[in-house]
Structures are given as structure tokens and as C-alpha cells.
Peer 1: 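One structure, as C-alpha cells, below. Some questions next.
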Amino acid sequence: MASNNSDVVDILGVGYGPSNLGLAIALEERNAQFALADRLTSVFVERQTEFKWHPGMLLPGATMQISFLKDLATQRNTRSEYTFLQYLAERDRLTHFINLQTFFPSRVEFHDYLTWAENKVAADVHYGSVANSVQWQGEYFEVTVDSRGGERQVLRARNVVLAGGLTAKLPDGVHPGPRVFHNHRVLDHLEALPDLQHGRFVVVGAGQSAAEVVAHLHERYRDAEVHAVFGKYGYSPADDSPYANRVFDPEAVDDFYAASPRLRDQLIAYHRSTNYSAVDLPLIEDLYNREYGERVSGRRRLFVHGASEVSTPVVSDSGAHVRVRHRPTGRDEHMQCDAVIFATGFRPLDLHGILGPLAHECVFSADGTPEVERDYRLRTTDAVFGGIYLQGGTEHSHGLTSSLLSNIAVRSGELVDSLASRSLLDAVLTR
């Protein structure tokens, strides 16, 4: 298909969740400082038909685990029009939020903040569109995009920023369905759940999301049993102490990137309790109080099965059967459930899947992880001089902030600086 430079943008973003929304904001604020001819052009494609951020996990009462100051802009530009404080002011809730005396807004409110920012920023976003292939054409990338209406178009860009988000991960042999599903869309699945036949739920997982689902089910279904199952002996508290939280500081990315592979592994192991398989202590205490209160009353509905594992669910029209095995004793409990919910984490973006043959021009380490420059750009062969940037999937090279909200503001600024410098270099080379 013929092309000319006028239809080639500087940046094509694949995915439009919080990461690329932050990038769009940083681009807008950077472009406002330059003449029209020196501004970076961009376009984004997003699979969803509208902006949403994990809507199936917006459980009532669930709060953020990061400070509201780690929003889309504050740590990059405190004067930005896109800060959480500016959002509160425009919503006429600033004083009321101050009176809450908290750094941690509800997840529902933060979702509203993200939606507010998405409506405010002037970004070219193709919603309901899926990027099916990325090809390098010598001077630019061609990205084939299919819309839900069946239309196909080809977008062209000098650089590509991949922020495809996370894919829900289920254990081997577990197939999703109306009775067995991942917690990623738990609210949607619960709304579609048929009438309860057994009055029983099983939740598999030991992290914050799993504990939140347990609490939600216990509150929502007052006549049903809720069984939490995980391999640990009990829920472990998340370490959100001040020094441990330094692992999420922007400066920590530099430290982590400069470290040897062995030291990187050690640092992630040291601080896994800040993010993985860990639960906020107040929620742990709340669940324990509920369980203990039921022991006192004699009417048990909440059961926490530590040091245990669950079998692959066997699904029928009326429910799902599982075996819960207590691993130290080998004791089995067989349960007929109305639903089995797996809060078992996510997989990062499949680079080979999105890049196809172009992945052969990228450099991967012996363990299969991509080699990534400090500016989040994939290392490629000399055949590809356009930039392929990653938003996520860089935990092995940049640390724990890779897929988290914590560093979006700073990372967005770093990406814009890198993209701007590459754009300037391209302009010099093509003169």
C-alpha cells in the first residue's frame, strides 16, 4: 500500500490504559511548549470500545494501594492540569477529600479520575480496534488494525509504544466459564451467575485481589459459605513501610537497571512482599475478625484454608466440584460450589504474538526476556532503526514498577524525552 510522510505519525501507541494515557498527557504538555512544526504526532489504538480500567474489579470499598500523588502527572509536573488534586478541584471535592485524611482514594474514585483525564486530554484514540500485526517497512512501522465493525486499516508510525496490558492467568487445565473464572472480571461474572444452587464459593489465591474478593463475597451473599484456598499458611501482610516503598521510587529504576542480573533477582526477591501475594494488614485483620466471630457464634460462613491446594474444577450445569487438600495432612474436602474464582495473577504482553516475524529482529536474553534499553526501548538489529518501546513487561530490567501505576508520570516523561530526541535525529538524517 502506497504511503507518504504526511500520514506517518511519530508515535503509535498500542493499548490505551493508564500507561499510554499518561504518555498522551506528557506528549500534550510537551507539545504545548513548541511550535506546530516541532510537535510530536501520535495515535493510539485500544481494544475496548471506551476507556475502562479493570471495571470488573471495582469492588465496593476497595481502596488504592498507592498514594494519590502517584497519579498520571504529579511526579513529572506538579503544575499539570492532570493531577489528582486538579481532578478533585474540578469535581468540587477537594475539601471533602482533605477531610478524609488519607493518601489512598477508593478504586472507584481513582477510576473516575482516570476517566476524567481521558476525557480532558486531546488524544487521537481509535477505540474498538485491535492491532493485529506490526511490520517494519524500512522508514516506518506499519500496524494493521481491525475494528469491531470488521473494517481494516493500516496505520504508520516512526515509533511504536506497546502497552497492551496484562492477560489473566489461570492454572494449567483450568478453563474459564460461567462457574469458573478469573477475578479480573469478577463483578461481571457475578452479575451473570445463575441462581445459587449450593450456597458456596471458593476463591483461590493469597494476594490482595483474592482477599478483596473473599470479603466482597462474604458481604454480598449473606447465606453463602466462602472458602479461601492458598498454599501459604495464612495471608501475608503487604510491606508498605517507608523504606521498603523506596523500591518504587523513580531513582530505584536507575539502580535496578544498573545492577547485575543476579542482583536484580535478589532485589525482586527481597521486596516481593510489597506487591506479590501480599495483603493490606487491615484487610487481613478484618477477615480474621469475621472468621473468629463466626467461630464464637457457631454459624460458620468464612473458611480460610491455608497450606492447601485445590483440584481442577469439574463443571456441571448446576455448579462446580472441587477437592481442597490440606497439604500437611493430605486431608481432602470435597465441595460443590456455585463458582470458583481464581485470583492467580496475570501474564505480561506476548511480544511474539503482537510483533510476529518482527520479533526476530528484537534481541532476547537466554531466558527469553527481551533486552530493553534504559529508555524502555527494545534492542533490535540494525535492520530496524524505528523505536519499539514497552510500557510493562520490563520488570526483569527496570524493576517492580514495570506494570504498576507507581511510576507512570515519570516514565511517561522519560518516554517523551526519548521519542523527541529520536524525532530530532530523524529530522537531521533526512535533511
Peer 1: What is the ring orientation for Phe97 with Phe84, classed by angle as parallel under 30°, tilted 30 to 60°, or perpendicular over 60°?
Peer 2: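 Taking Phe84 first and then Phe97, their aromatic rings stand perpendicular (interplane angle over 60°).
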
Peer 1: Examine the side chains of Thr41 and Asp10 and answer whether a donor and an acceptor come within less than 3.5 Å of each other.
Peer 2: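 Yes, because at least one side-chain N or O of Thr41 sits under 3.5 Å from a partner of the opposite role on Asp10.
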
Peer 1: Is the closest side-chain donor-acceptor distance between His326 and Glu333 under 3.5 Å?
Peer 2: no

Peer 1: Between Ser418 and Tyr389, is there a side-chain donor-acceptor contact under 3.5 Å, judged purely by atom types and distance?
Peer 2: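 The answer is yes; a qualifying pair exists.
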
Peer 1: If we count only N and O atoms by modelled type, under 3.5 Å, do the side chains of Glu29 and Ser80 hold a donor and an acceptor together?
Peer 2: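 Looking only at side-chain atoms, Ser80 and Glu29 do form a donor-acceptor pair, the distance falling under 3.5 Å.
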
Peer 1: Going by distance alone, is a donor N or O of one side chain under 3.5 Å from an acceptor N or O of the other, for Asp112 and Tyr87?
Peer 2: yes

Peer 1: When the ring centroid of Phe104 is compared with that of Phe68, is the distance short of 6.0 Å?
Peer 2: no

Peer 1: Taking C-beta and beyond as the side chain, do Val145 and Asn132 meet within less than 4.5 Å on heavy atoms?
Peer 2: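 Val145 does not reach Asn132 side chain to side chain.
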
Peer 1: Could you check whether His396 and Arg264, counting side-chain N and O atoms only, form a donor-acceptor pair closer than 3.5 Å?
Peer 2: no

Peer 1: What distance separates Glu225 CD from Phe201 CZ, expressed to the nearest 0.5 Å?
Peer 2: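 If we round to the nearest 0.5 Å, Glu225:CD and Phe201:CZ are 11.0 Å apart.
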
Peer 1: Cut-off 3.5 Å, side chains only: do Asp240 and Gln65 have a donor facing an acceptor?
Peer 2: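 The criterion, which ignores hydrogens and geometry beyond distance, is not satisfied for Gln65 and Asp240.
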
Peer 1: Can you find a pair of side-chain heavy atoms, one from Arg377 and one from Leu415, that are under 4.5 Å apart?
Peer 2: no

Peer 1: Measure the shortest side-chain to side-chain distance between Glu212 and Val279 over non-hydrogen atoms and say whether it is less than 4.5 angstrom.
Peer 2: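 In short, these two side chains do not touch, never coming nearer than 4.5 Å.
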
Peer 1: Looking at the rings of Phe364 and His352, which for Trp means the six-membered one, are their centres under 6.0 Å apart?
Peer 2: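 That pair passes the under 6.0 Å test.
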
Peer 1: Any donor-acceptor pair under 3.5 Å linking the side-chain atoms of Thr74 with those of Lys70?
Peer 2: no

Peer 1: Is a donor from one side chain sitting under 3.5 angstrom from an acceptor on the other, for Gln336 and Arg200?
Peer 2: no

Peer 1: Measuring only between side-chain heavy atoms, which start at C-beta, is Trp116 closer than 4.5 Å to Leu88?
Peer 2: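 Counting from C-beta outward, Trp116 and Leu88 never come under 4.5 Å.
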
Peer 1: Check this for me: does any side-chain nitrogen of one of Arg76 and Glu414 sit under 4.0 Å from a carboxylate oxygen of the other?
Peer 2: no

Peer 1: Using distance alone, with no hydrogens and no angle criterion, decide if His305 and His227 have a side-chain donor and acceptor under 3.5 Å apart.
Peer 2: yes

Peer 1: Parallel, tilted or perpendicular, judged at 30° and 60°: which one describes the rings of Tyr16 and Phe44?
Peer 2: tilted

Peer 1: So Arg179 and Asp338, do their side chains get closer than 4.5 Å, heavy atoms only?
Peer 2: yes

Peer 1: Are Phe230 and Tyr235 close enough that their ring centres sit under 6.0 Å apart?
Peer 2: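 They qualify: ring centres under 6.0 Å apart.
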
